[in-house]
K.L.:
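Right, I'll just put the structure down here and ask away after.
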Amino acid sequence: QVQLVESGGGLVQAGGSLRLSCAASGRTFSSYAMGWFRQAPGKEREFVAAISWSGSSTRYADSVKGRFSISRNNAKNTVYLQMNSLKPEDTAVYYCAADPRLVVLVTTTRATEWGQGTQVTVSS
């Protein structure tokens with residue numbers, strides 16, 4: 001099991017950047033694929049990005065391709081989401097998630113572990 005804590009959210013103007021971090025506790029972090037999801041008010045939670053346990057494979061939602069980048073540092077038990085060229089429609093609560101299988105993160109919202117979320121607000 002891993003426990004996940006997100007940080008780095010905030011208020012930014014359109015076109016700006018933010019870097020989210022997700023710190024994981026537990027000795028098995030490196031065996032989990034990690035992902036980022038988001039949920040805007042009145043909408044369902046949606047997939048944003050995911051990365052394999054080794055970091056060799058990444059996946060992105062079409063809406064963020066070319067703007068967001070996911071990475072991880074297994075020595076620090078941390079996964080990151082670099083968000084550039086932010087748009088008002090990126091406004092949401094962003095959640096970190098962990099699952100042994102990358103495909104679960106990419107195709108479902110049934111990851112094994114979830115963080116509490118961090119708010120990202122992009123003003124126009």
Side-chain angles (χ1 to χ4, degrees):
Q1 275 189 322
V2 291
Q3 290 77 46
L4 308 174
V5 179
E6 303 96 334
S7 62
L11 174 64
V12 64
Q13 289 189 332
S17 298
L18 280 175
R19 188 194 198 199
L20 304 183
S21 298
C22 174
S25 61
R27 293 176 290 178
T28 59
F29 173 77
S30 61
S31 66
Y32 282 83
M34 300 296 297
W36 288 95
F37 291 75
R38 66 187 181 187
Q39 187 166 18
K43 295 188 176 181
E44 294 185 352
R45 190 169 299 189
E46 64 176 3
F47 168 75
V48 174
I51 188 167
S52 62
W53 67 270
S54 67
S56 61
S57 295
T58 58
R59 301 288 188 273
Y60 296 94
D62 288 344
S63 58
V64 306
K65 277 182 182 176
R67 299 189 299 122
F68 291 11
S69 178
I70 188 171
S71 61
R72 67 189 295 161
N73 185 326
N74 286 344
K76 295 185 177 181
N77 281 13
T78 303
V79 63
Y80 306 97
L81 185 68
Q82 178 67 44
M83 305 186 294
N84 299 326
S85 302
L86 283 161
K87 305 175 181 180
E89 51 263 44
D90 294 318
T91 295
V93 177
Y94 282 71
Y95 297 90
C96 178
D99 197 276
R101 300 177 65 193
L102 181 65
V103 64
V104 170
L105 295 172
V106 175
T107 61
T108 79
T109 56
R110 296 192 294 271
T112 304
E113 308 290 345
W114 292 89
Q116 83 289 347
T118 185
Q119 177 70 46
V120 172
T121 303
V122 184
S123 63
S124 57

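Heads up: numbering here begins at 1 and tracks the sequence.
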K.L.:
For Ala97 and Leu105, which heavy atoms make the closest approach, and how far apart are they?
P.N.:
CB-CD2, 4.0 Å
K.L.:
Give me the atom names and distance for the closest heavy-atom approach of Leu11 to Ser123.
P.N.:
CD1-CB, 4.3 Å
K.L.:
Find the distance between CD1 (Ile51) and OG (Ser71) and round it off to the nearest 0.5 Å.
P.N.:
6.0 Å
K.L.:
Determine whether Arg19 and Leu81 satisfy the following criterion, side-chain contact (heavy atoms from CB on, under 4.5 Å), listing intermediate values before the conclusion.
P.N.:
CA-CA 6 Å; Arg19 188 194 198 199; Leu81 185 68; over 6 Å; no
K.L.:
Does Asp90 reach the side chain of Val120, with side-chain heavy atoms less than 4.5 Å apart?
P.N.:
no
K.L.:
Is it the case that one hydrophobic cluster holds both Phe37 and Val106, taking links as side-chain heavy atoms less than 4.5 Å apart, direct or via other members?
P.N.:
yes
K.L.:
Please check: side-chain N/O of Asn74 versus main-chain N/O of Ser54, any donor-acceptor pairing under 3.5 Å?
P.N.:
no
K.L.:
Are any side-chain N or O atoms of Asp99 and backbone N or O atoms of Val104, one a donor and one an acceptor, separated by less than 3.5 Å?
P.N.:
no
K.L.:
Do Val79 and Tyr32 belong together in a cluster built from hydrophobic side chains that touch within less than 4.5 Å?
P.N.:
yes
K.L.:
Should Met83 and Arg67 be marked as a side-chain contact (heavy atoms from CB on, under 4.5 Å) after you check the CA-CA gap, both sets of side-chain angles, and the distance that decides it?
P.N.:
CA-CA 6 Å; Met83 305 186 294; Arg67 299 189 299 122; over 6 Å; no
K.L.:
Could you tell me whether a side-chain N or O of Arg72 sits under 3.5 Å from a main-chain N or O of Ser52, the two making a donor and an acceptor?
P.N.:
yes
K.L.:
Are the aromatic rings of Phe29 and Trp53 close, with centres under 6.0 Å apart?
P.N.:
no
K.L.:
Less than 4.5 Å apart, any side-chain heavy atom of Glu6 and any of Trp36?
P.N.:
yes
K.L.:
CZ/Arg38 to CD/Gln119 distance, rounded to the nearest 0.5 angstrom?
P.N.:
12.0 Å
K.L.:
Looking at Gln1, I'd like to know if its CD atom is crowded, meaning that more than 12 non-hydrogen atoms belonging to other residues, nucleotides or ligands lie closer than 6.0 Å.
P.N.:
no
K.L.:
Determine the minimum heavy-atom distance between Ser124 and Ala14, stating which atoms define it.
P.N.:
CA-CB, 4.4 Å
K.L.:
Going through the distances and angles, do Tyr80 and Ile70 end up as a side-chain contact (heavy atoms from CB on, under 4.5 Å)?
P.N.:
CA-CA 6 Å; Tyr80 306 97; Ile70 188 171; over 6 Å; no
K.L.:
Quick one: sort the Tyr94 and Phe68 rings into parallel, tilted or perpendicular, breaks at 30° and 60°.
P.N.:
tilted
K.L.:
Between Thr109 and Phe47, is any pair of side-chain heavy atoms under 4.5 Å apart?
P.N.:
no
K.L.:
Checking Arg45 against Tyr95: charged group under 6.0 Å from the ring centre and within 45 degrees of the axis?
P.N.:
yes
K.L.:
Please find the pair of heavy atoms, one from Leu4 and one from Val2, that lie closest to each other, and give the distance.
P.N.:
CD2-CG2, 4.0 Å
K.L.:
Please name the pair of heavy atoms, one in Thr108 and one in Arg110, separated by the smallest distance, quoted to 0.1 Å.
P.N.:
OG1-N, 3.1 Å
K.L.:
Enter the distance from Met34:CE to Thr78:OG1 here, rounded to the nearest 0.5 Å.
P.N.:
9.0 Å
K.L.:
Atom OG1 in Thr121, atom CD in Gln13: separation rounded to 0.5 Å?
P.N.:
13.0 Å
K.L.:
Please examine the side chains of Glu46 and Gln39, heavy atoms only from C-beta on, and report whether any two atoms are closer than 4.5 Å.
P.N.:
no
K.L.:
Do Trp114 and Cys96 touch side chain to side chain, with heavy atoms closer than 4.5 Å?
P.N.:
no
K.L.:
According to a hydrophobic-cluster definition based on side-chain heavy atoms being under 4.5 Å apart (Ile, Leu, Val, Met, Phe, Trp, Tyr only), do Val48 and Leu102 belong together?
P.N.:
no
K.L.:
Please answer: with hydrophobic residues joined when any side-chain heavy atoms are less than 4.5 Å apart, are Leu20 and Val64 in the same cluster?
P.N.:
yes
K.L.:
As a quick check of understanding, evaluate side-chain contact (heavy atoms from CB on, under 4.5 Å) for Ser17 and Gln82, giving each step before the final call.
P.N.:
CA-CA 7 Å; Ser17 298; Gln82 178 67 44; 4.0 Å; yes
K.L.:
Provide the closest heavy-atom pair for Ala75 versus Asn73 in the form atom of the first, atom of the second, distance.
P.N.:
N-OD1, 3.0 Å
